[in-house]
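Quick note on labels: first sequence line is chain A, next is B, and so on, each numbered from 1.
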Amino acid sequence: MTAAEYAQTLQLKPVVPATATVSGGDSQRKWRHLLLKDFTFFYVSGELTYASQSTKKRMDYIHCRGGIVLPAYDPELVTHIIVDTANPDKPDAGVTLRTLGLKKLSDIPDHVPTVKWKWVNSAKLVPNGDRAGNFRIVEDGNGGHVTVRMDWEFMHSAFVARVHAGKGFKNTGGNEKDKGKGKPKAKTTAQRKEGENSEEEDNDSAEDISDISCACRLIGSVVGVRLIFVCSRNFTQDAPSPPPSAKETTPAVNQTKSVQSEREIPFISDPLGEFEALAKEEKKAEGFLCDAPNSNSLTSECPNQDIVDKLEELMELHRAKPTEEDKWRVYSYSKSIRKIRTYPHRITSYEEARNIPGVGDKTALKIKEILETGELRRIDIEYTEDLDVVHLFQGIYGVGQHIAYMWYSAGCRTLDDIRERKNGIKVSDVQEIGLKYYDDINTRMPRAEAGEIFTAIKRTAVSIDPHLYVEIMGSYRRGKATCGDIDILITRPTDDGNSHEGVLASLLSALQREGIIRENLSMPDFKDDPLEAVYRGLCVRPLREGEGHDTKRLVHILTVPYKSRGAALIYYTGDDIFNRSLRLKANKMGYSLNQRGLFAGVVRSTENKMIKTCDGHIIASETEQEIFRILGVPWQEPWERVRS
DNA sequence: GCCA
DNA sequence: CAGTACG
DNA sequence: TGGCCGTTACTG
């Protein structure tokens with residue numbers, strides 16, 4: 001995607017302001033605002049064929065702060081040209097002119113400055129009323145206004161020949177008219193002082209200033225429903241389930257025993273104090289999440305449940321939001337929440353929270369607030385009226401953040417609006433199915449039902465080829481009491497010269513004849529390798545005489561070459577966080593792990609790691625154990641791999 | 001969000 | 001290609 | 001300040 005195309009897509013995206021670090025006098029703080037509102041940029045990256053990650057990020061940065069990024073240079077619209085070519089400190093005039101489609105720099109209008117990226121970053125928060133320098137008054141997201149000072153454009157001029165362009169050079173009065181633009185709330189000095197104090201007392205409140213309201217104005221009108229986000233809790237609060245019974249392929253081992261033997265917990269007089277010290281120690285040199293087996297022993301009684309609840313609620317709010325920033329926030333919260341949940345005693349201070357690995361300054365402050373007030377104001381701030389709707393839409397299989405926000409901005413508010421294609425929205429085939437079985441898909445099934453469906457499918461599979469290896473994976477293999485779907489792995493030994501080629505297709509038609517499979521969500525693509533495929537669909541439990549519901553259940557079937565079964569077992573067993581951690585560790589060790597195997601010597605071209613790779617060679621894939629061993633990860637049974 |  | 005889904 | 005899993009797989 002070129003920079004122009006990316007700029008174009010940006011214009012369609014809602015403005016959801018991101019945080020910015022702003023130095024205010026002698027203190028630094030993070031807050032949110034539409035700093036760049038009223039500015040229209042043309043961004044010269046020098047990248048001809050595609051927009052780099054950095055370019056996209058910077059365009060996002062501008063967009064999130066209310067600025068407009070033009071897809072094409074237009075001297076009528078542009079207020080600033082940002083020149084950010086290969087070497088940011090030495091802008092390339094030739095590249096710039098080619099990008100602009102001009103012959104010489106003097107063809108750029110005099111009122112349009114050509115600045116380096118650094119200028120955009122020069123904003124500083126100043127006390128309201130401070131009218132020195134190049135100040136601007138911008139919305140603070142809470143209906144108020146704040147004063148911000150930016151460097152003069154000429155200070156970051158990209159080209160000496162154009163230092164004169166824009167505000168500040170020679171004529172420092174050029175921003176006179178800006179004064180009337182924002183109308184700050186009339187405040188007495190005392191009131192203002194009060195406001196500043198409260199801001200300083202609690203860092204978080206400053207950070208909490210959110211411009212979501214602006215986004216909402218942009219997106220559409222108000223909805224009155226407040227929906228409780230409980231999804232994650234449904235997932236995480238499953239009753240601790242017993243290890244798989246003896247009939248399972250995985251041996252039934254006493255899990256607490258195995259955990260203890262791995263961790264070699266020494267005898268200590270004050271186990272809780274010791275844990276705290278341990279946490280502190282880990283903070284210095286954090287290992288990988290996959291290295292320590294999960295200990296389920298503490299999940300029943302969490303001394304910090306109130307904290308966990310509040311943080312989870314906040315995490316779910318962020319999960320529904322569309323930006324990359326929110327995505328990583330969720331990632332971060334999920335890790336810190338897990339640490340807090342398994343922390344064995346009541347957290348009593350900011351310091352104590354901070355010492356838990358994965359808990360940083362922000363989360364520790366939030367914990368402090370919960371400890372002191374029992375509340376987390378950030379939850380109310382993030383809880384904008386668009387969220388419950390997009391959350392509802394995201395419950396539709398095949399609908400993620402982007403589609404949800406598109407539909408919301410098109411004016412849709414209910415599932416019926418979607419069904420009716422209100423305002424001409426498009427609904428894909430998969431989404432149509434997701435809509436039809438909305439409740440079914442979002443309801444977890446008892447472990448026993450997953451087992452029942454698996455048994456039926458395995459029976460059919462083995463009737464096609466008795467040598468097939470058919471296993472149930474996912475949350476079932478991890479021993480969960482309820483399952484969100486049924487994950488089935490199929491492969492076959494090749495020592496007799498045969499393989500499972502063609503089996504999946506036969507199996508699917510057989511299951512359809514039996515009435516077990518009811519809907520297809522995605523069909524396998526055998527083009528690369530006939531032994532490797534993924535199927536997704538909806539199925540029902542085989543109907544028994546008399547009783548039997550026909551709630552549709554998600555079923556995933558994966559076939560892999562026999563050689564890859566170890567890597568596939570790891571992947572398909574999960575959980576997701578465990579897998580990501582394992583893959584991260586592999587990566588850091590110079591390996592690469594995916595569902596096909598563990599590879600060494602994978603060379604990625606510096607930066608842009610998608611481009612140009614040397615294939616590398618496979619070093620393990622047949623058994624889970626050897627992959628664990630090479631990665632230096634202690635062996636863990638499936639139910640010990642729970643990380644989320 | 002957290003961390004190196 | 002972007003978006004979504006998967007553990 | 002940049003990375004955060006996978007040259008994942010599938011759809012449109």
May I ask you to verify if any side-chain N or O of [X] is less than 4.0 angstrom from the OP1 or OP2 atom of [N]?
X: Lys366(A); N: dG1(B); value: yes
X: Arg596(A); N: dA9(D); value: yes
X: His556(A); N: dA5(C); value: no
X: Ser592(A); N: dC5(D); value: no
X: Asn594(A); N: dC5(D); value: no
X: Arg583(A); N: dC5(D); value: no
X: Arg378(A); N: dG1(B); value: yes
X: Tyr331(A); N: dC5(D); value: yes

What's the [atom1]-[atom2] distance between [X] and [N], to the nearest Å?
X: Leu584(A); N: dC2(B); atom1: CG; atom2: P; value: 18 Å
X: Ile340(A); N: dC2(B); atom1: CD1; atom2: C1'; value: 12 Å
X: Phe578(A); N: dG6(D); atom1: CZ; atom2: P; value: 15 Å
X: Lys327(A); N: dC4(D); atom1: NZ; atom2: C1'; value: 9 Å
X: Leu289(A); N: dC5(D); atom1: CG; atom2: C1'; value: 13 Å
X: Leu582(A); N: dT8(D); atom1: CG; atom2: C1'; value: 15 Å
X: Asp575(A); N: dC6(C); atom1: CG; atom2: P; value: 15 Å
X: Leu598(A); N: dT7(D); atom1: CG; atom2: C1'; value: 16 Å

Can a donor-acceptor pair under 3.5 Å be found between the side-chain atoms of Tyr572(A) and the base atoms of dC6(C)?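 Not at all, since no donor on one side and acceptor on the other fall under 3.5 Å apart.
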
Pair [X] + [Y], salt bridge at N-O below 4.0 Å:
X: Glu369(A); Y: Lys366(A); result: no
X: Lys321(A); Y: Glu382(A); result: yes
X: Glu532(A); Y: Arg596(A); result: yes
X: Arg553(A); Y: Glu449(A); result: yes
X: Glu432(A); Y: Lys436(A); result: no
X: Glu471(A); Y: Arg565(A); result: no
X: Glu324(A); Y: Lys327(A); result: yes

Taking only the C1' atom of each, what is the distance from dA5(C) to dG6(D) in whole angstrom? 13 Å

Same-atom distance (P) from dA4(B) to dC5(D), integer angstrom: 15 Å

Which part of the nucleic acid, if any, lies within contact of [X], taking any heavy atom under 4.0 Å across all strands shown: a base, the sugar-phosphate backbone alone, or nothing?
X: Tyr397(A); result: sugar-phosphate
X: Asp576(A); result: base
X: Ile403(A); result: sugar-phosphate
X: Ile570(A); result: nothing
X: Asn579(A); result: base
X: Gln394(A); result: nothing
X: Val330(A); result: nothing
X: Ser581(A); result: nothing
X: Tyr333(A); result: sugar-phosphate
X: Met523(A); result: sugar-phosphate

Of Trp328(A) and Ala533(A), whose nearest nucleotide on DNA chain D comes first from the 5' end? Trp328(A)

dG1(B), dG3(C), dC6(C): which one has an atom nearest the side-chain heavy atoms of Asp485(A)? dC6(C)

Tell me which nucleotide among dG3(C), dC2(B), dG7(C) gets nearest to the side chain of Asp487(A).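 My answer, after comparing the listed nucleotides, is dG7(C).
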
Only Watson-Crick and G-U wobble pairs, only distances under 3.5 Å, only runs of 3 or more: what stems does that leave for DNA chain D? B:1-4 with D:1-4, C:1-5 with D:8-12

Result of checking Leu289(A), Leu631(A), Ile577(A) against Leu582(A) for side-chain contact (heavy atoms from CB on, under 4.5 Å): Leu631(A)

Does a donor on one side chain and an acceptor on the other come within less than 3.5 Å for Tyr397(A) and Asn442(A)? no

Cation-pi, Trp407(A) ring and Arg421(A) (6.0 angstrom, 45 degrees):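 No; the conditions do not both hold, so Arg421(A) does not lie above the ring face of Trp407(A).
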
